[in-house]
Number of protein chains: 2
Amino acid sequence: MNRERLAKLNIKAQVLKAMAHPSRLYIVEELARQERCVCELTTMIGADMSTVSKHLSVLKQAGIVADEKRGSMVFYRLRVPCLGKLFESVESVLECSARELAEATK
Amino acid sequence: MNRERLAKLNIKAQVLKAMAHPSRLYIVEELARQERCVCELTTMIGADMSTVSKHLSVLKQAGIVADEKRGSMVFYRLRVPCLGKLFESVESVLECSARELAEATK
DNA sequence: TGGCAATTTGGCGTAATCGCCAAATGCTGT
DNA sequence: ACAGCATTTGGCGATTACGCCAAATTGCCA
C-alpha cells in the first residue's frame, strides 16, 4: 500500500468517522433539510449545548458543515450538497443487509 | 426525536463507524474488487494478522462483509453489492470539500 | 457599562478503540 | 496422533472518544 493511497484512506476514514455517531448523523440529516442554529439542534437532540457544540466542531473540522454567525447565534449548514447521495447509499446498505443482519444477531 | 428514528440513527452510525478506519476502509475497497482471504489482506495491509482478523470481525458484525471457510483459509467478500455508490458518495464529498478543507487547515 | 443569552473551550471521569503478543482453535497432510 | 499453517480469541497498555460541568467568550440591549 503506497503512501498516497494511505493518505486518501485516512481522509476518507476521517469523513466517515465524523458522521459515525448518532447525534452527528442526526445533525447532518437535519442540516440536509435546512440550516439550524446551535440552540435549535440542542433542544432537538436533548443533550447539553456544549456537547452539541463539540459535535458540530467535529463535523466542521471534517469539512462537512460550515458555520455562520448571525448576531449572537451561530447557524450551521451542510458544506456539500452531494451528501444526499451518501444518505441513499447508507440507506441502501441497510436495506441490503438489514434482514441478514437481523438474522445474524438473533 | 422519537425512538424509532434514534434506533435507525444508531444502526446507520454503526455501519459508518465500521468503515471509519483506514485499514477497514482499505479492506472494503479491496473486497469490492474481489474476495480475499485473511492472509492476503494481512500482507497487503502490513499489520499483525490478529489485528486484521479483528477488523474483519468488526466489518462482519456490521453486516458489511461475509466470510466463508474453504479448507484452512477464510475468505471474505462484500455482503452488499451497493457499496460502490457509497464510495462514489464519499469521493464526491471529498471533491466538494477538499479545497475548502485544505484551505481551512492551512 | 452592566447584564443576559448564545456559544465555545477546558477539564475530568468513564468508556471505547487500537495494535500487538501470546495462547487457543481448526484444518491438512504425514 | 503429530506437526504445521491459517485464523481467532483473550488480554494488556496506550490512546482516543464521550458527555457533563464550570468558566471564558461574544454579541445584544437597556
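Each chain gets a letter, A, B and so on, in the order the sequences are listed, and its residues count up from 1.
- When the C1' atom of C:dA6 is taken as reference, atom CD of A:E68 falls 16 Å away, rounded to whole Å.
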Which letters describe nucleotides 24-30 of chain C, given B = protein heavy atom under 4.0 Å from base, S = only from sugar-phosphate, - = neither? --SSS--

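- Considering only the side chain of A:K54, C:dT9 comes nearest among D:dA6, C:dT9, D:dT9.
- At least one side-chain heavy atom of A:L9 sits less than 4.5 Å from a side-chain heavy atom of A:M1.
- Under a 3.5 Å cut-off, the side chain of A:E40 and the backbone N or O of A:C37 do form a donor-acceptor pair.
- The CG-P distance, from A:D48 to D:dG19, rounds to 11 Å in whole Å.
- Atom-to-atom, CG of A:N10 to C1' of C:dC18 comes out at 14 Å; the value is rounded to the nearest Å.
- Contact check on B:E29 versus A:K8 returns no salt bridge, with no Lys/Arg side-chain nitrogen under 4.0 Å from an Asp/Glu carboxylate oxygen.
- Per the geometry, CG belonging to A:L56 stands 10 Å off C1' belonging to C:dT7, to the nearest Å.
- No donor-acceptor pair under 3.5 Å is formed between the side chain of B:T51 and the backbone N or O of B:A47.
- In this structure a side-chain-to-backbone donor-acceptor pair under 3.5 Å is present from A:T42 to A:V38.
- If you take CD of B:Q61 and C1' of C:dA16, they are 14 Å apart, rounded to a whole angstrom.
- Of the side-chain N and O atoms in B:H55, none sit less than 4.0 angstrom from OP1 or OP2 of C:dT17.
- The structure places CZ of A:R77 at 14.0 Å from CD1 of A:I64, a figure rounded to the nearest 0.5 Å.
- Salt bridge annotation for B:K60-B:E68: absent, with no cationic side-chain nitrogen under 4.0 angstrom from a carboxylate oxygen.
- Within residues 20-41 of chain B, the residues that have a heavy atom under 4.0 Å from DNA chain D are, in order of number, B:C37, B:V38, B:C39.
- The distance between atom CE of B:M49 and atom C1' of C:dC18, rounded to the nearest whole Å, is 18 Å.
- Residues A:Y76 and A:L31 are in side-chain contact: their nearest non-hydrogen atoms beyond the backbone lie under 4.5 Å apart.
- Neither OP1 nor OP2 of D:dA17 sits under 4.0 Å from any side-chain N or O of B:K17.
- Under 4.0 angstrom from either OP1 or OP2 of C:dT8 there lies at least one side-chain N or O belonging to A:Y76.
- Close to D:dT7, at under 4.0 Å from its OP1 or OP2, lies no side-chain N or O of B:S53.
- Remark: side-chain polar atoms of A:R24 are paired, donor with acceptor, to backbone N or O of A:A18 under 3.5 angstrom.
- Atom CD1 of A:I45 is separated from atom P of D:dC18 by 13 Å (rounded to the nearest Å).
- Checked against C:dA6, D:dT8, C:dT9, the side chain of A:M73 finds its nearest nucleotide in C:dA6.
- Taking every side-chain heavy atom of B:S50 into account, D:dT9 is the closest of D:dG19, D:dC21, D:dT9.
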